[in-house]
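From a predicted model like this one, the values you see are computed outputs, not experimental measurements.
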Amino acid sequence: ELKTDRQGDAVHLEAIVSETRQPDLAAWQRGVAEIETLIADPSVKSFHVRACSVDAARITFSASDIPGLGWKTFHIVPRPVEEKSPRRIPALARLLLPLAKLPIVQRLASRPQKARPPYRIENNLLVVEALKDGTLTVTNKATGAVYHGLNRFLDGGDCGDEYNYCPPTEDPSAGPGRRLVAAPRLKSVTLARSPAQQTITLNLELPTPASLAPDRKSRTRHVVPLRVTSRITLTNGVPRVDILTTIENNAKDHRLRVHFPAPFAAQKAEHDGHFEIVERSIGVPEFDGSWVEHPRPEVPQRAFTSVTNGQQRLTVANRGLPEVEVLENMDGNAEIAVTLLRCVGWLSRDDFPNRKGHAGPFIETPGAQMIGEWAFDYSIIPGENDTSPYQQAYAFEAPLRAVSTGVHPGALPAAGSFARVIPSEFLVSAVKRAEDGKGWLVRGYNLTAQEAQVTLQPWRVFKKAERVNLAEEKIETLRPAKDGSVSFTAKGHEIVTIMFQE
């Protein structure tokens with residue numbers, strides 16, 4: 001099989017081959033024809049080719065101590081297999097990430113097995129237990145803090161449009177506490193354990209009204225199954241509970257969220273924003289008739305939302321889930337609710353109470369009902385009241401990328417970083433070539449409201465360094481130290497850009 005992916009003037013080719021399976025000649029010929037067309041295209045400047053075998057083993061290991069904004073190489077070598085285990089690691093594994101030796105244990109992953117309660121996995125930092133109601137209990141080994149009722153799926157009706165959410169007036173989701181009638185049913189559980197990771201897979205089914213009733217004030221009595229699969233993973237040395245949830249949506253006119261209650265109360269929540277951590281009060285302002293729209297508790301987020309009581313902290317990270325609400329639940333504690341699906345059938349309507357009039361054209365949008373299968377990545381990060389969960393959330397948002405190569409000396413050391421920064425509260429947001437091509441930029445910002453003294457060391461020594469603005473215009477000259485590092489002051493929430501030149 002041949003796959004092509006064009007990005008600007010570069011084409012990435014992936015060839016998938018097998019020595020044991022029958023080839024798909026039609027797919028291969030289509031790929032060859034597409035490649036020949038690209039070769040004849042004068043706007044294509046380069047080709048990047050990667051070949052892999054479907055018969056190769058997939059190896060998972062915990063890659064520890066990788067420098068931030070950097071790289072580290074590993075040499076994967078096969079290890080003799082004991083007689084009682086006939087499984088062998090293919091020779092192709094020897095080509096993966098060479099230059100530093102890492103022993104491979106005999107059994108890299110066990111086959112998933114049906115589980116019986118208690119459904120439990122753990123690493124050196126966290127313990128996760130899955131309960132019969134499908135929720136998770138997470139224990140932080142370092143602090144002893146226990147978080148109950150995590151990863152609870154709650155569904156409610158939505159009679160709004162693509163601009164505004166609105167619960168139907170006769171829907172339980174509009175009532176106090178927003179605890180809905182239907183709860184997910186746990187259908188099956190499987191466990192998989194390996195020396196590097198442990199995983200629980202939960203298969204749930206949520207009985208869901210098929211759509212709104214004709215009057216749009218309630219939901220129909222006809223129920224369809226909404227199937228949910230959550231794969232919960234713990235990796236050695238990682239203080240996170242990473243979750244991949246797949247939803248098979250068969251219902252219309254509804255909103256599905258996943259909830260994470262904290263074991264404490266909070267008055268404010270912290271949300272990752274644009275070059276800052278935005279602090280917002282929990283709840284909504286008072287409403288009166290002069291408002292065009294009812295105030296809503298849902299707010300935007302980027303990489304994470306976090307709550308704390310000054311001692312404990314609960315952070316929920318995500319990839320591409322921009323809407324969240326932090327509410328006060330019936331226990332009086334803070335609860336993070338992340339929106340997974342909003343399923344509506346109209347771009348704009350003017351017949352629901354949350355907004356006066358239209359917000360756009362009155363156009364039917366059946367595709368916005370989101371029928372089909374969807375996948376969502378998010379992560380639970382329990383911790384203490386510091387900024388370390390922020391770093392874990394950003395690491396989850398931008399996961400490590402593995403690249404395989406043959407053995408060669410290389411132009412770079414076996415491990416390194418493009419930008420080493422102290423303190424960690426100064427977050428690097430970009431490392432790139434200057435727009436005029438005459439230097440390299442490192443840009444970052446101070447996460448906190450307090451002034452910070454920052455030391456930044458690039459991956460090599462440059463002769464010149466300047467502090468520039470966002471337009472890459474000089475503000476001041478900086479003097480690099482012998483190791484190439486520069487020091488500067490970053491005010492609270494300030495964006496700083498440093499240009500390095502020869």
Side-chain angles (χ1 to χ4, degrees), residues 57-64 79 81-82 84-89 103-142 144-153 183-206 225-248 258-261 314 316-319 340 373-382 392 396 399-400 402:
R58 180 174 180 176
I59 298 174
T60 300
F61 64 93
S62 182
S64 61
R79 184 174 178 178
V81 181
E82 296 178 7
K84 63 180 180 180
S85 176
R87 300 169 65 192
R88 296 183 179 276
I89 302 171
I104 294 295
V105 294
Q106 170 197 337
R107 297 191 67 184
L108 293 170
S110 64
R111 293 181 178 179
Q113 299 177 347
K114 289 186 178 181
R116 297 179 180 179
Y119 312 120
R120 175 188 173 106
I121 57 175
E122 66 179 297
N123 63 8
N124 57 320
L125 301 170
L126 302 172
V127 177
V128 177
E129 289 185 299
L131 307 186
K132 291 182 178 179
D133 64 359
T135 65
L136 306 178
T137 297
V138 176
T139 302
N140 186 335
K141 289 184 176 181
V146 181
Y147 300 75
H148 296 281
L150 304 175
N151 205 47
R152 182 188 300 275
F153 297 94
R185 302 168 183 165
L186 184 60
K187 307 295 287 186
S188 65
V189 181
T190 56
L191 294 177
R193 292 187 172 92
S194 77
Q197 288 183 333
Q198 297 189 25
T199 299
I200 301 178
T201 301
L202 306 177
N203 293 299
L204 305 105
E205 190 171 274
L206 179 62
L226 191 151
R227 296 181 178 87
V228 180
T229 300
S230 280
R231 191 179 71 202
I232 300 103
T233 300
L234 286 179
T235 302
N236 288 349
V238 179
R240 299 192 314 257
V241 183
D242 294 343
I243 301 175
L244 169 62
T245 289
T246 303
I247 308 289
E248 183 186 318
V258 59
H259 288 238
F260 307 88
L314 174 64
V316 177
N318 76 92
R319 295 178 190 150
L340 300 182
E373 187 173 292
W374 308 94
F376 308 93
D377 288 286
Y378 48 90
S379 183
I380 304 167
I381 310 171
Q392 284 298 322
F396 176 78
L400 292 173

Worked verdict on Asp133 versus Arg152 for side chain to side chain contact (heavy atoms under 4.5 Å, CB included) = CA-CA 9 Å; Asp133 64 359; Arg152 182 188 300 275; 3.9 Å; yes
remark   = Sorted by chain and residue number, the side chain to side chain donor-acceptor pair (under 3.5 Å) partners of Glu129 (sequence neighbours excluded) come out as none
note = Residue set satisfying side chain to side chain donor-acceptor pair (under 3.5 Å) with Lys187, at least two apart, ordered chain then number -> none
note = Here the gap from Asn151 atom CG to Leu131 atom CG, rounded to the nearest 0.5 Å, amounts to 11.0 Å
task = State which residues pass side chain to side chain contact (heavy atoms under 4.5 Å, CB included) with Thr245; sequence neighbours excluded, sorted by chain then number.
result = Phe153, Val228, Ser230, Ile243, Ile247, Tyr378
request  = Looking only at non-hydrogen atoms, find the nearest pair between Leu314 and Pro261 and report the distance.
outcome  = CD2-O, 3.8 Å
note = Tightest non-hydrogen contact, residues Asn124 and Lys141, listed as O-CD, 3.7 Å
task = For residues Thr199 and Thr233, report the shortest heavy-atom separation together with the two atoms involved.
result = OG1-OG1, 3.3 Å
key: With Glu205 via side chain to side chain donor-acceptor pair (under 3.5 Å) - residues at least two apart   = none
task = Determine whether Leu136 and Leu202 make a side-chain contact, defined as any pair of heavy atoms from C-beta on separated by less than 4.5 Å.
result = yes
Main-chain N/O of Phe396 paired with Arg319 side-chain donor or acceptor, under 3.5 Å = yes
note = Residue set satisfying side chain to side chain contact (heavy atoms under 4.5 Å, CB included) with Ala142, at least two apart, ordered chain then number -> Asn140
message = Check this for me: Arg185, atom CZ, are more than 12 non-hydrogen atoms of other residues, nucleotides or ligands nearer than 6.0 Å?
response = no
inquiry  = Strictly distance-based, threshold 3.5 Å: is any side-chain N or O of Ser194 a donor or acceptor partner for the main-chain N or O of Ala196?
reply    = yes
Partners meeting side chain to side chain donor-acceptor pair (under 3.5 Å) with Ser188 (sequence neighbours left out) = Asn203
task = Work out which heavy atom in Val138 is nearest to a heavy atom in Pro382; give both atom names and the distance.
result = CG1-CG, 4.1 Å
request  = Could you tell me which residues satisfy side chain to side chain contact (heavy atoms under 4.5 Å, CB included) with Leu125, sequence neighbours excluded, listed by chain and number?
outcome  = Asn123, Pro239
ask   = For Ala130 and Ile200, which heavy atoms make the closest approach, and how far apart are they?
value = CB-CD1, 4.2 Å
Listed partners of Arg231 passing salt bridge (charged side-chain N to carboxylate O under 4.0 Å, His left out), at least two apart = none
request  = Taking all non-hydrogen atoms of both residues into account, name the closest pair between Arg240 and Gln392 and its distance.
outcome  = NH1-OE1, 3.0 Å
ask   = Heavy-atom distance under 4.5 Å between the side chains of Thr135 and His148, does that happen here?
value = no
task = Start with the C-alpha gap between Leu186 and Tyr119, add the side-chain angles, then the distance that decides, and say whether side chain to side chain contact (heavy atoms under 4.5 Å, CB included) holds.
result = CA-CA 12 Å; Leu186 184 60; Tyr119 312 120; 4.1 Å; yes
inquiry  = Is there a side chain to side chain contact (heavy atoms under 4.5 Å, CB included) between Thr246 and Trp374? Walk through the geometry before answering.
reply    = CA-CA 6 Å; Thr246 303; Trp374 308 94; over 6 Å; no
